[in-house]
2 protein chains.
Amino acid sequence: MPAGVPTDSVEATKPAPRGRPRTVGAGEGAQTLMRGLDVLEAIADGTTDLAALAARLGTTRTTTHRLAAALVARRYLNFASGDGYSLGPKLLELGFQTRHSMPLHQAARAHLARLAERTLDTVQLGILDEGVVFYIDKVPGQRRFEIRSNMGDRHHVWATGLGKALVLDMTEDQWNGFFGKGRPDDARPSEAARQEWLAQMRTYARNGVAFDLGETEAELRCVAAPIRDASGAIVAAVSVSSITQYMQPERMTDLSHDVRETAAAISAALGWRKGVGTASA
Amino acid sequence: MPAGVPTDSVEATKPAPRGRPRTVGAGEGAQTLMRGLDVLEAIADGTTDLAALAARLGTTRTTTHRLAAALVARRYLNFASGDGYSLGPKLLELGFQTRHSMPLHQAARAHLARLAERTLDTVQLGILDEGVVFYIDKVPGQRRFEIRSNMGDRHHVWATGLGKALVLDMTEDQWNGFFGKGRPDDARPSEAARQEWLAQMRTYARNGVAFDLGETEAELRCVAAPIRDASGAIVAAVSVSSITQYMQPERMTDLSHDVRETAAAISAALGWRKGVGTASA
DNA sequence: TTGAATATTCCAATATATGGAATATTATTA
DNA sequence: TAATAATATTCCATATATTGGAATATTCAA
């Protein structure tokens with residue numbers, strides 16, 4: 001499914017429905033619910049009018065309308081005559097509630113703030129979600145500039161410090177799967193680049209800290225470390241980001257300790273005990 | 001037929017739609033979807049296990065399980081053996097997307113940041129949602145302390161600057177409806193307090209700016225102004241909050257201009273033209 | 001290990017969702 | 001303004017998707 005992320009919306013109009021996200025199989029016996037969720041997601045994806053919705057779901061206008069009307073009644077959708085459907089306030093509510101109910105979020109908040117205060121730079125918290133990095137919290141730094149990422153953004157695993165930290169425990173095969181993912185075909189990285197990236201990942205995995213040396217934005221760098229839960233599995237990662245000027249090699253090394261400590265503190269709050277799940281093989 | 005939920009039971013009798021768009025009958029023919037949403041909201045409300053869920057919805061465990069399983073498959077819920085159900089990552093996603101897709105949010109962002117920079121204090125953006133103030137954006141200030149409200153918080157209309165700004169256009173009857181709302185019965189405010197509050201509201205409405213003089217937290221004060229869309233209706237409000245020490249009467253007066261200007265700028269970005277919908281009667 | 005609590009699957013019965021066609025509501029012209 | 005197009009909404013008989021009881025599987029607590 002094409003992501004409707006604000007950073008670069010590809011098209012504003014409704015295109016021909018490509019591959020159908022038919023998640024049939026699991027969820028048998030709840031067709032109406034599934035279709036309702038389809039409606040929700042189609043609208044999140046930029047569809048605004050009934051006809052397009054119906055075409056996308058492969059249902060009649062009648063059925064589609066009934067589902068949409070139900071969602072409007074429950075405030076999951078807005079409907080404005082003329083502008084069509086849009087995501088409703090209930091989704092805002094549930095989104096916020098979800099964030100607050102995450103033990104991770106609660107455990108992390110104070111630590112992130114303190115890290116941001118010490119480093120003066122932007123601190124971010126992210127999780128791995130469907131193969132991409134999902135930013136779930138951010139504490140801005142105190143410099144004269146602002147790292148322009150936002151909570152809710154999604155970025156590629158291989159090109160961000162947070163992403164690399166999140167996959168540090170995976171096998172080299174899995175790493176390979178991530179590398180270059182999401183790149184347009186004409187910008188496929190060279191084999192040499194892949195090898196270098198893998199070599200770096202090995203180092204990061206050994207150290208328990210990952211760097212971003214400007215893969216996405218040349219002037220941006222960051223230091224990230226994985227957060228583990230009671231089972232030792234990586235469930236999130238924390239990073240400190242700044243511009244290259246403030247991220248010379250020595251500082252990145254220095255920060256490594258602090259970031260790792262912060263990650264460890266949050267991990268501890270989640271029930272992790274030192275030693276469980278860390279690199280050993 | 002479900003009978004536990006407070007917000008339905010519309011049947012046979014001819015509805016006499018007064019001020020409120022009752023959306024009667026909507027949701028008919030989508031029982032499964034409605035029940036699915038019930039599940040979602042029950043879990044948002046703290047229910048975690050199947051038995052409790054079923055009891056709450058008035059459905060059998062089987063049905064409830066099918067719905068929950070479908071929602072898990074679609075990542076609207078998590079299920080962890082032992083901990084039960086919790087809100088899932090898809091809700092995070094949709095929540096963020098909803099926020100970003102609001103024209104209001106986009107129009108406001110830059111203005112809020114600039115206001116926060118000028119005033120050094122916390123700037124907040126809120127909307128009226130089901131009779132309460134819903135905080136949808138916040139730009140922290142630069143003082144040594146932190147206003148502890150968070151995005152996603154809900155507060156009472158009558159006790160916050162944002163809330164008052166949001167209802168500035170309403171009638172005195174409607175104001176009355178808001179006053180004291182949500183208070184425990186034993187803390188019902190006196191008639192004198194009500195009269196004083198109404199008098200203040202009249203002043204605020206005349207000036208197009210509302211103050212919070214410590215109704216909720218004695219040491220907190222704020223200055224808020226309404227944001228209007230193209231139709232002139234109030235759709236949101238912006239506020240600057242700080243501690244009393246920094247919010248002496250003169251400064252509140254000074255801030256009034258700046259806050260009102262900011263609100264006007266955001267309103268303009270939403271298509272509002274000076275004069276439309278402002279106090280006139 | 002046992003027993004208790006909880007989650008999950010199976011199935012026939014029917015209440016519930018479905019879509020075609022008719023209608024109402026808005027937008028866009030003439 | 002009226003007439004047209006475009007879109008949303010309601011109606012209703014039909015059959016299909018959903019239901020819940022009972023059986024089974026899984027996890028948790030001693």
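With rounding to whole Å, A/Leu67 atom CG is found 13 Å from D/dT9 atom P. Atom CZ of A/Arg66 and atom P of C/dT16 are 13 Å apart (whole Å). Here C/dT18 presents its P atom at 11 Å from CG of A/Leu33, a figure rounded to the nearest Å. One atom, CE of B/Met34, and another, C1' of D/dT18, lie 17 Å apart when rounded to the nearest Å. One interatomic measurement links the two molecules: CG of B/Asp83 to P of D/dT26, which rounds to 20 Å at whole-angstrom precision. Look at CG on A/Leu53: it is 13 Å from P on D/dT7, rounded to the nearest Å. One interatomic measurement links the two molecules: CZ of B/Arg61 to C1' of C/dT9, which rounds to 13 Å at whole-angstrom precision. When the C1' atom of D/dG20 is taken as reference, atom CG of B/Leu50 falls 13 Å away, rounded to whole Å.
Applying the 4.0 Å criterion to OP1 and OP2 of D/dA8, one finds that A/His65 has every side-chain N and O outside that range. For the pair A/Gln31 and C/dT18, the criterion of a side-chain N or O lying under 4.0 Å from OP1 or OP2 is met.
Using the six-membered ring where Trp is involved, A/Phe96 and B/Phe134 have ring planes that are perpendicular, over 60° apart on the 30 and 60° scheme. Between A/Phe79 and A/Tyr85, the two ring planes are tilted [angle within 30° to 60°].
In this view, B/Asp173 satisfies the salt bridge (Lys or Arg N to Asp or Glu O under 4.0 Å) rule with no residue, not counting sequence neighbours.
Screening A/Leu33, A/Thr98, A/Leu40 for a side chain to side chain contact (heavy atoms under 4.5 Å, CB included) involving B/Tyr76 leaves a single residue, A/Leu40.
Annotation: the terminal axes of the helix from C/dT1-D/dA30 to C/dA30-D/dT1 meet at 60°, where each axis is the rotation carrying the C1' atoms of four end pairs onto the next four (5 pairs per end, rounded to 10°).
Taking the nucleotide of DNA chain D with the nearest heavy atom to each of A/Phe79 and B/Thr60, the more 5' of the two is matched to A/Phe79. Judged by closest nucleotide on DNA chain D, A/Gly84 is the one of A/Gly84 and A/Thr32 placed further toward the 5' end.
Side-chain atoms of A/Arg61 do not come within 3.5 Å of backbone N or O of A/Leu50 as any donor-acceptor pair.
As judged by a 4.0 angstrom heavy-atom cut-off over every strand, A/Thr62 is placed among the base-contacting residues.
A heavy-atom distance below 4.5 Å is found between the side chains of B/Met201 and B/Leu168.
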- Task: Apply the test salt bridge (charged side-chain N to carboxylate O under 4.0 Å, His left out) to residues A/Arg154 and A/Glu130: give CA-CA distance (whole Å), side-chain angles for both, the deciding distance (0.1 Å), then the verdict.
- Result: CA-CA 10 Å; A/Arg154 298 169 150 287; A/Glu130 299 241 296; over 6 Å; no

